[in-house]
Number of protein chains: 2
Amino acid sequence: MKKNVTLKQIAKELGVSVSTVSKSLRDNEEIGLETRQKIQAFAKMYNYKPNSIALNLRNKSTNSIAIILPQIVNHFFTNVVQGIESEANRRNYNVIIAVSNDSFEKEVLNMETLVNGSIDGFILSVAKETMKRGDYHHFNETISQGVPIVMFDREVQEVNCDKVVIDDVQGAKEATQKLLKTGCKRIVFITTEDFVSVGNLRLKGYKEALIESQIEIDDALIIKVKDQFSSDEIEKFIFQELEKLIQIYPDVDGLIGVNEFYTITAANYFKKKGSKIPGEVSIIAFSDGDLPKYSYPSLTAVRQHGREMGEAAAKLLLDKLEGITPEEEYQTIVIETELKERESTK
Amino acid sequence: MKKNVTLKQIAKELGVSVSTVSKSLRDNEEIGLETRQKIQAFAKMYNYKPNSIALNLRNKSTNSIAIILPQIVNHFFTNVVQGIESEANRRNYNVIIAVSNDSFEKEVLNMETLVNGSIDGFILSVAKETMKRGDYHHFNETISQGVPIVMFDREVQEVNCDKVVIDDVQGAKEATQKLLKTGCKRIVFITTEDFVSVGNLRLKGYKEALIESQIEIDDALIIKVKDQFSSDEIEKFIFQELEKLIQIYPDVDGLIGVNEFYTITAANYFKKKGSKIPGEVSIIAFSDGDLPKYSYPSLTAVRQHGREMGEAAAKLLLDKLEGITPEEEYQTIVIETELKERESTK
DNA sequence: TTGTAAGCGTTATCAG
DNA sequence: CTGATAACGCTTACAA
């Protein structure tokens with residue numbers, strides 16, 4: 001095991017000073033061509049790589065940004081990561097990812113361990129638990145220490161920073177309108193509990209579309225799934241609720257779910273019942289993932305353009321880091337959704 | 001924006017030396033109780049956090065490990081990450097994730113940017129492109145620089161390091177045996193091209209099971225999907241191949257796919273044809289993911305115990321980092337698979 | 001009990 | 001053209 005060579009070692013071997021080596025390797029004209037080339041050759045031979053920790057310490061900048069994701073296995077987040085990476089790599093930044101698992105504590109921990117020098121800025125989507133608690137001190141502290149944050153998707157109004165969000169209201173509205181236009185009269189909406197901003201906004205869009213079409217909003221058609229449910233409990237709960245609903249309204253003919261799991265579970269309920277999709281029930285999911293695509297029949301989905309979001313978020317962050325945008329000026333960029341029509345709607 | 005306080009600043013404010021501050025904050029008995037407490041209080045007030053970069057540089061150790069994943073949106077990898085995180089956090093290590101996107105170049109780049117001081121060791125699953133090229137210099141160089149690597153799932157024999165693998169052969173064998181036992185006579189096997197070790201091993205298990213049951217291996221039943229296909233092309237290809245196959249063998253009654261996408265696509269083919277699952281065709285997927293679970297009917301799957309793999313991998317790495325295991329002693333841990341029976345088999 | 005100084009690997013500044 | 005020195009923030013012998 002040969003540890004990485006350092007400037008010092010090279011200098012000693014070659015009988016020159018450390019600064020000469022440093023300059024030579026950065027191809028500084030100050031150093032005589034001959035010496036420079038000799039040193040460069042030697043360094044290449046020994047596979048010299050500058051120690052990035054030392055560089056970071058010296059430069060007070062790491063050229064790295066961190067993404068903190070609530071969950072890692074989420075197609076939408078993945079797309080966002082790809083967008084961030086493409087923009088960041090283009091601008092010579094390194095990207096590392098940490099996962100909060102939707103836990104407040106892990107979110108705080110992750111930020112604390114990274115904030116002290118390891119990275120220059122954060123791009124994050126807020127953990128559910130954090131939203132529930134409403135405790136945002138870690139965000140504000142980070143920002144006030146000069147480490148900028150860009151929030152995407154799940155953001156909190158209480159924190160003043162750059163944001164990239166989806167037009168959730170509009171997306172849900174369009175989905176609802178699509179169902180209405182194809183003749184649906186009684187549309188079920190499956191969403192999360194109220195404290196999740198995204199679920200709330202989507203519910204708002206659903207309601208707006210109904211109101212604009214002069215359809216009365218019926219709270220019985222809105223199913224709210226508890227956050228702490230396991231996936232088995234979610235299935236059980238959704239099946240139960242739909243069962244009850246169908247008793248009251250046998251003529252349910254449309255359904256929108258705020259994520260792919262809720263939606264596909266509901267779709268499976270109707271498949272089990274033998275209902276025709278989209279003949280008897282039309283279904284739309286919010287999702288960038290594979291579930292709707294590989295489902296049979298495949299599900300129409302509201303796509304969230306994760307990649308674009310990521311690019312926008314990275315742009316905001318890097319512009320701030322590089323002083324292109326003034327420090328105290330925050331923007332919120334809204335990314336439009338797209339209705340990807342598949343087989344589950346007419 | 002108030003930057004983080006440094007020892008120096010605290011020292012100046014309090015009119016003591018930097019080392020006094022340092023010692024006090026580490027609660028060193030050397031320093032008088034009074035001074036110590038005063039300094040500690042002051043530090044707390046100013047929210048002092050040691051600069052981790054400086055610590056890393058000094059200690060030549062970061063207490064961080066990096067995971068390099070071929071893809072991020074993969075339920076199996078996610079489970080592995082969780083396993084790694086739980087073991088690493090328990091032992092006070094931080095985990096960061098980087099993604100190679102199955103690209104050789106990105107894999108090399110990621111390792112190079114991280115290896116110079118940012119992390120103490122790697123846990124990784126080899127990118128497909130790397131396996132195809134057979135170029136493993138970056139692994140060997142990293143190891144010879146004293147940064148240990150643990151490979152999981154996709155490993156290469158040519159590199160001498162700790163490994164955690166799945167018993168792919170056994171998993172595929174059991175899946176095949178399950179189908180045989182429930183009466184299947186003609187089992188299709190959908191796999192990757194030969195250079196992907198995992199696909200190959202699974203194919204081997206399939207063949208072994210057939211041979212042991214004295215069934216002749218029919219290469220026509222083995223579909224190999226090209227790696228560079230997009231997901232639409234995969235669907236088209238699998239549909240085509242199955243169509244051809246059904247012409248020759250209308251009595252195909254079983255199918256195993258080496259990943260969830262291939263399998264679910266094949267399942268959709270049979271659904272489209274109107275075949276009963278599992279009445280006419282029984283299906284088994286290799287997967288830890290959601291697709292088989294949420295499919296209708298849900299698919300029986302070979303589970304890979306990602307979490308355990310992650311824990312085992314982290315244990316191997318950390319034991320090496322902490323000198324618990326000798327440096328030049330490499331182990332390969334084999335994790336058993338589990339057949340999760342669902343609705344797609346009898 | 002407290003402080004000084006060296007060192008981790010690098011670069012920028014200034015002097016030779 | 002080359003080299004010594006200081007600095008980034010921290011720890012730790014060793015002095016005082």
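Naming convention: chains lettered A, B, ... in sequence-line order (proteins, then strands); numbering from 1 in each chain.
When the options L321(B), N63(B), D319(B) are evaluated for a side chain to side chain contact (heavy atoms under 4.5 Å, CB included) with R91(B), the one that passes is D319(B).
Listed pair S17(A) / dG3(D) meets the phosphate criterion, a side-chain N or O lying under 4.0 Å from OP1 or OP2.
Ionic pairing of K315(B) and E311(B) is not present here: no N-O contact between side-chain nitrogen and carboxylate oxygen is shorter than 4.0 angstrom. Ion pairing of D120(A) with K320(A) is absent here, as no side-chain N (NZ or NE/NH1/NH2) approaches a carboxylate O to less than 4.0 Å. Remark: R90(B) engages E87(B) in a salt bridge, criterion side-chain N to carboxylate O under 4.0 Å.
For the atom pair CE (M309(B)) and CD1 (I84(B)), the distance works out to 9.5 Å, reported to the nearest 0.5 Å. One distance of note links OG1 of T325(B) with CG of D162(B); it measures 7.0 Å at 0.5 Å rounding.
One atom, CG of L25(B), and another, P of dT12(D), lie 13 Å apart when rounded to the nearest Å. In this entry the distance linking CG of N4(B) with C1' of dG9(D) reads 11 Å, nearest Å. Note: CD (Q37(B)) to P (dT2(C)) measures 12 Å, nearest angstrom. Per the geometry, NZ belonging to K12(A) stands 16 Å off P belonging to dG3(D), to the nearest Å. When rounded to the nearest whole Å, the span between CD of Q145(A) and P of dG9(D) equals 14 Å. Separating the CD1 atom of I53(A) from the P atom of dT11(D) is a distance of 15 Å, rounded to the nearest angstrom. The CD atom of E29(A) sits 13 Å away from the P atom of dT2(D) (whole-angstrom rounding). With rounding to whole Å, K38(A) atom NZ is found 15 Å from dC1(D) atom P.
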Heavy-atom protein contacts under 4.0 Å, nucleotides 9-16 of chain C, coded B base, S sugar-phosphate only, - none: BBBBBB--
